[in-house]
Amino acid sequence: LLGALVALEILEATALVGALLGAAGVAGLAFGFAFKDMAENSLASVLLGLRQPFEPNDLVSIDGREGRVVRLTSRATILLTLDGNHLRIPNGQVFKAVILNFTRNPQRRFHFDLGVDADDDARAARQLGRDTMAGLDFVLPDPPPEARIIEVGDSNVVIRFLGWVDQRETDWWKAQSEAIPAVKTA
């Protein structure tokens, strides 16, 4: 390299050397930026594989994007959204994201709010709602169903009803959808 530089100096072609070195620097910088995301995603996939914050078929929320994990590739995490669409999230984003794994703990709580007339007995409505939820076969007895008064208005009292299900046996959304009309009717 030193010999080539001396030869170019003798030939008075040092401007060519400067141009070549400058072009090589710019090209190196461009390649560095181009491969940055690829390297980041590949490294993140290795780290996600080691940490294992989720497994295939786990229901997760990754920065607000919810779905079932289809697979973890070298560059992206593939989710099947609840609408049935494939969602590809780069592993670099997944690694930095807040991940909520709904599947890790089989017990999951659902809740819903119902209003009762302000003139009605809110304590009796709470008890009736708890008893109704306890009678549903998919609601777990431990922890027991709960009802809390969360708001008192001029015309109604809002009660939040809470119940737990075992996600291995009961679909969370269906359980909540069944419990709401049961408590409302009671």
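From a predicted model like this one, the values you see are computed outputs, not experimental measurements.
- Taking the side chain as every heavy atom from C-beta outward, Thr103 and Gln167 never approach each other to under 4.5 Å.
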Identify each donor-acceptor pair in which a side-chain atom of residues 50-57 lies under 3.5 Å from a protein atom, sequence neighbours left out, and give them as a table.
none

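- No side-chain heavy atom of Gln93 sits under 4.5 Å from any side-chain heavy atom of Asp63.
- Inspection of the Ser74 and Asn41 side chains reveals no N or O donor paired with an N or O acceptor under 3.5 Å.
- Applying the salt bridge (charged side-chain N to carboxylate O under 4.0 Å, His left out) test to pairs two or more places apart or on separate chains, none has a residue in residues 175-186.
- Evaluation of the ring pair (Phe, Tyr, Trp, His ring centres under 6.0 Å) test over residues 97-121, restricted to residues two or more places apart or in two chains, returns Phe112-Phe161.
- Residues Val165 and Leu82 share a single hydrophobic cluster, defined by chaining ILVMFWY side chains whose heavy atoms lie under 4.5 Å apart.
- Counting only residues at least two apart or on different chains, the side chain to side chain donor-acceptor pair (under 3.5 Å) pairs with a member in residues 131-157 are Gln127-Asp131.
- Note: Ile78 CD1 to Arg71 CZ = 5.5 Å, rounded to the nearest 0.5 Å.
- The side-chain contact (heavy atoms from CB on, under 4.5 Å) search around Thr81 returns Asp83, Asn85, Leu87, not counting sequence neighbours.
- The salt bridge (charged side-chain N to carboxylate O under 4.0 Å, His left out) contacts involving residues 93-112 comprise Glu40-Lys96, where partners must be two or more places apart or lie in separate chains.
- Taking OG1 of Thr77 as the start and CZ of Arg88 as the end, the distance is 9.5 Å to the nearest 0.5 Å.
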